[in-house]
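Remember, predicted model here, so these are calculated numbers, not experimental data.
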Amino acid sequence: MDLRQRLSSKAPRPSPAAGKAPFPPPSSAAIQASDALPIPVRHTDKLFSAIFMASIYYLLRRWREKIRCSTPLHVVTLSELSAIVGLVASLIYLISFFGIAYVQSFIFSHDEDDDFLLASPTPAPAPVAAPCPLLADGDAPEKIRNISNDDDEEIVRAVVAGKMPSYALESKLGDCRRAAGIRREALRQTTGRAMEGLPLDGFDYAAILGQCCEMPVGYVQVPVGIAGPLVLDGREYFLPMATTEGCLVASTNRGCKAIGESGGASSVVLREGMTRAPAVRFATARRAAELKFFLEDPNNFETLAVVFNRSSRFARLQDIRCSLAGKNLYMRFSCRTGDAMGMNMVSKGVQNVLDYLQNDFPDMDVISISGNFCSDKKPAAVNWIEGRGKSVVCEAAIKKEVVEKILKTTVPALVELNMLKNLVGSAVAGAMGGFNAHASNIVTAIFIATGQDPAQNVESSHCITMMEAVNEGKDLHISVTMPSIEVGTVGGGTRLPSQAACLDLLGVKGASLESPGANARLLATIVAGAVLAGELSLMSALAAGQLVKSHMKYNRSSQDACKAAS
């Protein structure tokens with residue numbers, strides 16, 4: 001239920017600013033509609049229930065006698081008329097008062113039966129506290145005050161005692177920041193740990209309600225650096241990278257510089273399609289095979305696509321691949337999802353198809369909407385071969401003088417290192433999709449900065465880096481092939497202000513009005529271009545023997561070094 005509807009359905013209550021509790025204390029009784037009656041409601045309930053049953057019994061007996069004696073039913077005596085009036089009156093009473101009691105019990109419940117998956121609201125912009133000034137050396141951070149008054153203390157005690165669910169604080173209070181503070185104080189009293197280093201103020205908690213994070217108690221600060229410009233397909237992009245690893249942004253920036261001075265990089269989106277693969281079971285393997293043949297028959301695809309595409313105006317079914325394991329069938333649906341990453345969209349479409357198939361295959365037992373043949377957030381050969389999300393290849397030709405001047409190495413050294421490290425070394429390790437130097441480093445940094453799902457860096461970082469000498473061995477050709485970049489520019493964390501600002505910097509914020517899906521495809525190519533720059537720079541550092549030196553310079557705290565020396 002929408003948060004605003006739930007709050008507006010309650011009686012007006014004093015505001016927190018007035019020093020009153022936002023809802024009656026647990027010990028106070030809720031106001032009932034029956035309080036206005038002259039006699040207790042339990043007596044009137046019994047009275048009208050008796051009248052209702054007696055009226056029905058009398059009328060049924062009279063009508064039975066009329067049918068037996070062939071007396072017209074519309075001829076009504078005074079006693080029958082009184083019984084009808086009593087029946088109607090008691091029915092009105094029972095429906096009205098029992099209905100009001102039910103509605104009130106639903107409204108004033110303490111949310112023991114509330115679903116914790118609240119619908120996504122459209123909150124008004126909440127005031128954001130000004131950032132704290134930088135602390136001088138030796139200064140202690142100001143202690144965070146989680147709660148503001150005695151009423152909050154009472155709510156904290158209710159949460160600690162288990163009388164009020166922690167997840168229901170936002171819906172009860174109507175103040176997301178206050179709910180986070182109360183939850184945090186309850187956590188402190190329960191665990192004895194105050195989490196003083198975790199910021200509480202300065203964040204819009206209403207923006208994440210019902211869509212990004214449940215039961216928040218603060219937020220983690222991750223610095224965002226800018227690498228670039230990356231010259232890609234004739235345009236310049238400045239890359240936002242959220243990371244705590246020293247050298248990562250600087251290294252990617254050096255790769256961008258080398259690419260830019262060599263004329264830029266180019267990219268191609270080879271295919272796109274988000275996948276979901278339900279698992280179903282039959283009584284026999286033959287019956288499972290019949291469904292497999294049905295789904296893979298081209299004559300049935302158009303009908304299945306119509307059913308699937310009902311889930312969204314952007315959903316477009318692309319393909320269905322099936323795999324059989326005994327009497328279990330795994331169906332891998334792939335569809336276009338516009339500018340959304342599309343997991344929810346494809347899941348709804350798959351559910352539509354399963355409901356449709358149930359008519360012709362009533363013996364089909366749906367085990368799970370996801371049977372891991374998708375495959376989501378797990379390294380899998382199916383993503384490496386078939387692709388998932390956006391499949392992108394990005395390439396650049398780096399001039400010899402740029403390799404020597406900026407990257408401080410040579411073309412033959414890079415080609416040899418790539419073969420022995422990224423190709424042979426990864427094969428020796430039995431790598432799956434990991435034929436690269438550190439693609440996941442760049443992918444994850446951009447994912448966090450732009451509001452993508454960081455867990456999907458697992459398959460999004462599948463990458464094979466290729467290097468070879470061109471132009472008679474003078475220049476270096478480098479490419480990255482990434483078959484499963486899973487990104488979106490709408491939905492999820494992309495709605496948050498910080499992440500939206502990073503998307504806006506790249507020029508891909510929100511949905512593309514001219515061509516649905518264009519922004520998500522462009523973001524995928526930018527990620528691949530950034531990986532290309534990162535691969536080029538790190539491989540050059542390894543070839544030149546600079547890796548340890550640079551990390552000792554940029555990835556160690558000077559304060560820690562001073563402490564170690566003393």
Side-chain angles (χ1 to χ4, degrees), residues 225-232 236-239 241 243 245-267 393-429 431 434-446 461 463-482 526-556:
I226 297 295
L230 169 69
V231 180
L232 178 66
E236 291 186 348
Y237 300 95
F238 288 89
L239 310 172
M241 303 176 67
T243 181
E245 179 184 350
C247 292
L248 180 59
V249 178
S251 177
T252 307
N253 188 68
R254 184 175 75 148
C256 291
K257 182 178 180 181
I259 293 173
E261 294 201 7
S262 298
S266 60
S267 65
V393 61
C394 187
E395 64 179 348
I398 311 301
K399 298 177 181 178
K400 175 184 177 181
E401 54 269 25
V402 173
V403 172
E404 296 175 350
K405 180 181 178 181
I406 297 177
L407 303 177
K408 311 298 182 183
T409 185
T410 63
V411 172
L414 282 172
V415 173
E416 181 183 33
L417 176 63
N418 186 73
M419 180 187 66
L420 295 178
K421 170 182 166 62
N422 288 341
L423 304 183
V424 178
S426 296
V428 170
F435 297 87
N436 57 80
H438 70 150
S440 64
N441 239 345
I442 291 88
V443 170
T444 306
I446 296 180
S461 297
C463 172
I464 181 169
T465 300
M466 302 291 292
M467 294 185 185
E468 65 177 287
V470 294
N471 298 332
E472 299 178 354
K474 296 180 181 179
D475 301 332
L476 174 73
H477 181 273
I478 178 173
S479 66
V480 292
T481 304
M482 306 180 68
I526 293 172
V527 170
V531 169
L532 183 74
E535 291 287 282
L536 179 62
S537 183
L538 176 57
M539 292 295 288
S540 299
L542 291 170
Q546 298 173 338
L547 180 66
V548 175
K549 181 180 178 181
S550 61
H551 273 272
M552 292 296 292
K553 180 178 180 181
Y554 294 105
N555 202 24
R556 286 174 63 89

Do Ser537 and Ser251 have side-chain N/O donor and acceptor atoms under 3.5 Å apart? yes

* With a 4.5 Å limit on heavy-atom distance, are the side chains of Ile478 and Met539 in contact? -> no

Check: Going by heavy atoms in the side chains, are Leu232 and Ser267 under 4.5 Å from each other?
Finding: yes

(request) Kindly determine whether Val403 and Thr409 satisfy side chain to side chain contact (heavy atoms under 4.5 Å, CB included), including the steps that lead there. (result) CA-CA 6 Å; Val403 172; Thr409 185; 3.9 Å; yes

Ala528 and Val480 have their tightest heavy-atom pair at O-CG2, 3.6 Å

Closest non-hydrogen atoms of Cys394 and Gly529, given as atom of the first, atom of the second and distance, are SG-CA, 3.7 Å

In this structure, OG1 of Thr444 is separated from CD of Glu245 (nearest 0.5 Å) by 10.5 Å

Margin query: Donor-acceptor check, side chain of Glu468 to backbone of Leu476, threshold 3.5 angstrom: yes or no?
Written below: no

- [ ] For Asp475 and Lys400, indicate whether the former's side chain and the latter's backbone hold a donor-acceptor pair under 3.5 Å.
- [x] yes

*Around atom CD of Glu404, are there more than 12 heavy atoms of other residues, nucleotides or ligands at under 6.0 Å?*
yes

Rounded to the nearest 0.5 Å, the NZ atom of Lys257 sits from the CG atom of Leu407 at a distance of 10.0 Å

Looking only at heavy atoms, the pair that brings Leu239 and Cys256 closest together is CD1-SG, 3.9 Å

Would Met467 and Leu417 count as a side chain to side chain contact (heavy atoms under 4.5 Å, CB included) if you check the C-alpha gap in whole Å, the side-chain angles of each, and the deciding distance to 0.1 Å? CA-CA 9 Å; Met467 294 185 185; Leu417 176 63; over 6 Å; no

Interatomic distance, CG@Leu230 vs CD1@Ile526, rounded to 0.5 Å, equals 8.0 Å

*Look at the side chain of Glu395 and the backbone N and O of His477, then say whether any donor-acceptor pair between them is shorter than 3.5 Å.*
no

Fill in: Heavy-atom donor-acceptor pair, Asn418 side chain to Thr465 backbone, under 3.5 Å
yes

Taken to the nearest 0.5 Å, the spacing of Glu535 CD from Ile464 CD1 works out to 11.0 Å

Distance col, row Leu532:CG vs Ile259:CD1, nearest 0.5 angstrom, shows 4.0 Å

Practice prompt. Check whether any side-chain heavy atom of Leu423 sits under 4.5 Å from a side-chain heavy atom of Met466, and report yes or no.
Written response: yes

Nearest heavy-atom approach of Ile446 to Ala530 is CD1-CB, 3.5 Å

Between the CG atom in Asn436 and the OG atom in Ser461, the distance rounded to the nearest 0.5 Å is 7.5 Å

Heavy-atom closest pair (Ser426 atom, Phe435 atom, distance to 0.1 Å) is CB-CD2, 3.4 Å

Inset, instruction - Would you indicate whether the side-chain heavy atoms of Arg254 and Ile406 approach each other to under 4.5 Å? - result: yes

Residues Cys463 and Val531: closest non-hydrogen pair is SG-CG1, 4.2 Å

The residue among Ile442, Asn441, Asn253 that forms side chain to side chain contact (heavy atoms under 4.5 Å, CB included) with Met241 is Ile442

Can any side-chain N or O of Thr252 pair as donor or acceptor with the backbone N or O of Ala533 at less than 3.5 Å? no

